[in-house]
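Remarks on the structure that follows.
Per chain, numbering begins at 1; letters A, B, ... match sequence-line order.
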Amino acid sequence: MSEVKRHLVTCALPYANGPIHIGHLAGCLLPSDIYVRQLRAQGKDVMFVCGTDEHGVPITLRARKENVSPQEIVDRYYEQIKGSLENWGLAFDNFSRTSRPIHHDTSRSFFKVLLDKDVFDEQKTEQFYDAEAKQFLADRYIQGTCPKCGHDAAYGDQCEKCGSSLSPSELIDPRSTLTGNEPILKETKNWYLPLDQIQESFLNDFISSKEGVWKPHVLGQCKSWLNDGLKPRAMTRDLDWGVPVPVDNAEGKVMYVWFDAPIGYISATKEATTLWETWWKDPGTELTHFIGKDNIVFHCIIFPAMLHTHGDYILPTHVPANEFLNLEGQKISTSRDHAVWLHEYLEDFPGRNDELRYVLTSIMPENADADFSWSDYQARVNNELVAILGNWVNRVMVLTHKFFDGVIPTWDDSDAKDELAEVASLCEEVESLTTQFKFRDALSALMRIARTGNKYLQDSEPWHKIKEEGGEIAVANCLGASIYMMWQFANTAQAFLPETSEKMFELLDSKELPQAGQTLNKPALLFEKVSDESIEAQKEKLANKEEDKNMQEVTLKDEIQYDDFAKLDLRVGEIIEAQKVPKADRLLELSLDMGFEKRTVVSGIAEHFNAEDIIGQQVIVVCNLAPRKLRGIMSQGMILMAEDEDGTLQFASPGTKVSNGSAVS
RNA sequence: CGCGGGAUGGAGCAGUGGUAGCUCGUCGGGCUCAUAACCCGAAGGUCGCAAGUUCGAGUCUUGCUCCCGCAACCA
């Protein structure tokens with residue numbers, strides 16, 4: 001173990017196809033910022049880099065959808081994201097982007113080193129290719145029927161109905177989700193990182209060495225990957241958006257986005273300083289990656305494997321991954337617009353940057369998912385920041401002005417020994433917890449300083465003592481100690497509440513230790529209450545957004561001709577028997593009287609109907625659908641259901657009873 | 001049936017073997033310097049259920065029940 005001389009801190013690169021929301025903030029942007037500010041306050045040498053991740057398939061799809069170039073998309077969001085993060089006040093040394101030439105160069109030379117070291121396996125494989133979109137298809141852009149459970153919308157990597165992991169070639173009737181066409185197989189060459197070998201030679205030991213250092217959930221995830229055994233993973237893709245592979249005759253091939261993205265940390269450092277090599281190659285540097293839980297495998301396994309095989313670089317010391325933040329009890333969803341966007345918060349709550357920092361820190365999903373709600377936001381701001389902290393500071397200020405014209409009196413600690421000791425130990429606790437990545441606990445310790453201060457004022461009762469004979473000395477001691485505690489709070493709070501900390505120094509008229517005789521500035525409130533109205537407005541905004549989204553999201557399927565419709569043979573049938581399919585949550589086995597015959601149909605409606613309740617129900621059946629086995633039962637057709645907004649199902653059936661077997665057209 | 005996460009006083013959470021704790025809310029009291037704020041006290045939990053290991057379990061084991069999530073996007 002070499003001595004830590006400097007700290008290199010990275011925060012996961014936000015993907016440049018949408019704005020920043022509170023999940024990004026609580027997940028890694030805020031914790032990394034707090035950590036960095038704490039280190040800087042301790043006088044450590046720190047480099048803090050971030051940027052936008054601008055490559056990968058989703059951006060190309062987005063561009064295609066909006067009929068613009070990928071560059072336009074990422075330009076838009078780079079500015080948007082950078083702007084909102086700056087306005088919120090994050091303390092990056094550099095906020096870069098992966099589409100810059102410096103990043104392409106860095107990535108290409110990194111790749112070349114691995115090539116020259118003969119690290120990669122070049123493999124030719126047959127991949128699905130969409131001839132119309134002129135694009136090779138990533139696994140998840142292929143849909144088809146699951147070979148195991150018969151679910152007809154399984155993805156190329158996994159069937160979400162039965163949970164089995166698949167490869168695209170296993171799918172029955174594969175189709176491209178881009179165009180709906182059947183993809184063709186086409187040969188292609190890619191460069192694979194032999195993670196299986198690297199696991200043996202390096203990763204097993206690397207992960208073991210983090211035992212007791214990394215959070216249990218991070219370690220657990222890594223070990224589960226290693227237990228399953230890593231497989232070689234392609235580090236290149238057939239795509240026209242990304243960092244071109246630096247090999248002759250490799251047109252149309254770019255690096256896998258997860259290969260180049262973490263190299264973005266290196267490029268961002270390079271951009272910030274010519275001494276970048278010291279930051280990345282000297283063993284005196286401690287490297288810390290702040291990420292969300294979905295990034296664990298890339299930062300704990302793949303990137304270290306890359307760095308190690310490259311050979312020149314240091315490896316991450318800490319990877320304090322956070323879990324997810326929910327919003328009002330539901331998963332944050334970009335597509336449903338169920339999110340609190342940073343740029344909207346900044347507009348709706350101007351001057352309340354620290355309030356958001358405070359609330360997000362106190363609910364930070366450090367070890368488990370957490371929930372943000374607007375009521376909770378209001379309660380925490382009003383009951384804690386306003387009532388405890390703001391009020392305490394205001395009391396001290398007002399009393400000092402009232403009794404000593406705002407001049408710090410001469411004082412001694414004779415009446416406040418216990419409180420001052422308590423505050424000193426809390427300050428140490430905050431620092432120590434912060435550098436252990438326990439931000440929630442650190443914040444709570446910080447607030448205990450203000451609680452201690454409030455209690456001290458209450459117990460000392462300077463407003464009484466001032467009226468007593470010779471009470472002035474006691475009051476001077478009380479307020480002197482209070483002002484000193486306030487200064488300690490401001491110092492300790494810098495990493496958590498930087499703007500508040502500044503305001504407090506402003507009230508004290510100096511960042512330096514307050515001295516007797518020094519004049520304080522006029523009292524001013526640190527925080528104001530959040531009104532019920534503004535909270536209601538936010539709640540309504542969320543509700544409205546979801547409604548709007550429902551309206552907009554109705555996109556019709558491609559137009560069909562009458563002949564396509566006429567291919568369907570729809571008929572009315574009646575359910576005469578129904579029973580639950582064993583070992584399947586959603587499936588009911590139905591016997592249908594079709595008039596001309598009896599049929600068995602397996603239908604995924606068990607979560608909505610009891611078997612006994614639907615006997616006699618008339619339903620519309622697609623009669624000429626190819627039979628398919630579901631959970632071992634041959635299903636001869638499909639019944640039509642209407643799905644309501646909330647996901648509940650209702651039978652599509654004739655309004656009044658008709659004879660079984662009646663055609664529907 | 002598959003994977004994962006949960007179940008602790010009214011709410012939200014902390015607590016990985018040794019007298020069950022925090023914030024908010026409720027009730028009572030104190031104080032009036034302060035943004036109807038602050039301080040003190042109280043009520044309120046058989047820690048989802050059952051069995052087991054142990055001198056001792058919220059904390060470990062097993063079984064069970066219930067809840068949540070599991071297309072993409074996304075921390």
Side-chain angles (χ1 to χ4, degrees), chain A residues 11-15 17-18 20-31 57-59 61-62 140-141 143 148-149 153-155 157-165 177 216-217 220-221 224 290-296 321-326 329-336 339 362-363 365 367-371 373 375-376 379-380 382-388 390-403 440-441 444 447-448 450-451 453-464 466 475 478-479 523 525-529 581-587 631:
Chain A
C11 172
L13 309 182
Y15 198 57
N17 76 337
I20 295 291
H21 58 61
I22 53 170
H24 299 106
L25 301 180
C28 63
L29 289 158
L30 179 55
V57 177
I59 282 172
L61 291 179
R62 171 98 186 231
R140 61 172 187 256
Y141 295 110
Q143 263 192 329
K148 296 189 177 141
C149 73
Y155 285 79
D157 50 353
Q158 198 192 27
C159 170
E160 101 279 5
K161 192 135 194 173
C162 68
S164 40
S165 45
T177 59
H217 81 266
Q221 180 122 358
S224 120
F290 282 87
I291 57 170
K293 71 172 164 188
D294 55 334
N295 276 345
I296 288 173
N322 273 354
E323 307 245 357
F324 285 154
L325 186 69
N326 294 325
Q330 282 182 300
K331 204 174 159 174
I332 291 177
S333 163
T334 310
S335 61
R336 285 192 302 119
S362 54
I363 59 171
N367 298 306
D369 289 0
D371 189 46
S373 78
S375 306
D376 181 65
R380 285 180 193 276
N382 292 356
N383 300 331
E384 298 173 29
L385 288 180
V386 175
I388 307 288
N391 194 226
W392 171 53
V393 169
N394 191 233
R395 293 171 86 187
V396 174
M397 292 297 294
V398 168
L399 287 168
T400 308
H401 275 272
K402 206 165 235 175
F403 301 149
R440 280 167 79 142
D441 290 345
S444 134
M447 284 308 285
R448 258 179 283 149
R451 289 179 202 276
N454 253 326
K455 183 167 164 47
Y456 175 61
L457 267 193
Q458 199 66 35
D459 294 346
S460 307
E461 300 184 309
W463 49 91
H464 271 170
I466 196 73
V475 174
C478 167
L479 290 181
L525 297 181
L526 292 177
F527 304 100
E528 283 182 30
K529 286 201 162 189
V581 176
K583 299 189 173 186
D585 279 348
R586 296 178 237 216
L587 299 183
R631 286 271 157 191

Has the side chain of [X] got a donor or acceptor atom that lies under 3.5 Å from a matching backbone atom of [Y]?
X        : Y        : value
A/Asp369 : A/Phe324 : yes
A/His401 : A/Val398 : no
A/Asn394 : A/Gly390 : no
A/Ser444 : A/Arg440 : no
A/Asn326 : A/Asp371 : no

Pick the [atom1] atom in [N] and in [M], then give their distance to the nearest Å.
N     : M     : atom1 : value
B/G69 : B/G45 : P     : 31 Å
B/A20 : B/U53 : P     : 23 Å
B/A14 : B/A7  : C1'   : 15 Å
B/A43 : B/A57 : P     : 26 Å
B/U23 : B/U19 : C1'   : 23 Å
B/G21 : B/A34 : C1'   : 30 Å
B/A72 : B/G15 : C1'   : 38 Å
B/C49 : B/C66 : P     : 15 Å

Just checking [X]: base, sugar-phosphate only, or nothing, at a heavy-atom cut-off of under 4.0 Å?
X        : answer
A/Asp369 : nothing
A/Leu325 : base
A/Arg448 : nothing
A/Val386 : base
A/Arg440 : sugar-phosphate
A/Asn454 : sugar-phosphate
A/Ile466 : nothing

Nearest-Å distance, [atom1] ([X]) to [atom2] ([N])?
X        : N     : atom1 : atom2 : result
A/Lys293 : B/G4  : NZ    : C1'   : 8 Å
A/Glu323 : B/G69 : CD    : C1'   : 13 Å
A/Tyr15  : B/C73 : OH    : C1'   : 10 Å
A/Ile388 : B/C24 : CD1   : C1'   : 11 Å
A/Ile363 : B/C24 : CD1   : P     : 16 Å
A/Asp371 : B/U23 : CG    : P     : 21 Å
A/Asp441 : B/G21 : CG    : C1'   : 13 Å
A/Leu385 : B/U23 : CG    : C1'   : 13 Å

Quick check on [N]: is either OP1 or OP2 less than 4.0 Å from any side-chain nitrogen or oxygen of [X]?
X        : N     : answer
A/Lys529 : B/A37 : yes
A/His464 : B/U32 : yes
A/Asn382 : B/U35 : no
A/Lys455 : B/C40 : yes

Taking all atoms of both residues into account, what is the closest heavy-atom pair of [X] and [Y], and its distance?
X        : Y        : value
A/Ile332 : A/Ala339 : CG2-CB, 3.9 Å
A/Leu457 : A/Pro462 : O-CD, 3.5 Å
A/Glu384 : A/Met447 : O-CE, 3.5 Å

Go through [options] for me and flag the one nearest to the [X] side chain.
X        : options             : result
A/Pro58  : B/A75, B/C73, B/U35 : B/C73
A/Asn383 : B/G30, B/C24, B/A75 : B/C24
A/Asn17  : B/A34, B/C73, B/C31 : B/C73
A/Ala387 : B/C38, B/C31, B/C73 : B/C38

Next on the checklist: Please compare A/Gly27 and A/Leu526 by the position of their nearest nucleotide in RNA chain B and report the one closer to 5'.
Outcome noted: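 Mapping each residue to its closest nucleotide by heavy atoms, the 5'-most match is A/Leu526.
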Checklist entry - Closest nucleotide of RNA chain B for A/Ser444 versus for A/Glu528: which of these residues is on the 5' side? => result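 Result of the comparison: A/Ser444.
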Write down the partner of [N] under the Watson-Crick or G-U wobble criteria, each distance required to be under 3.5 Å.
N     : result
B/G69 : B/C3
B/A42 : B/U26
B/C31 : none

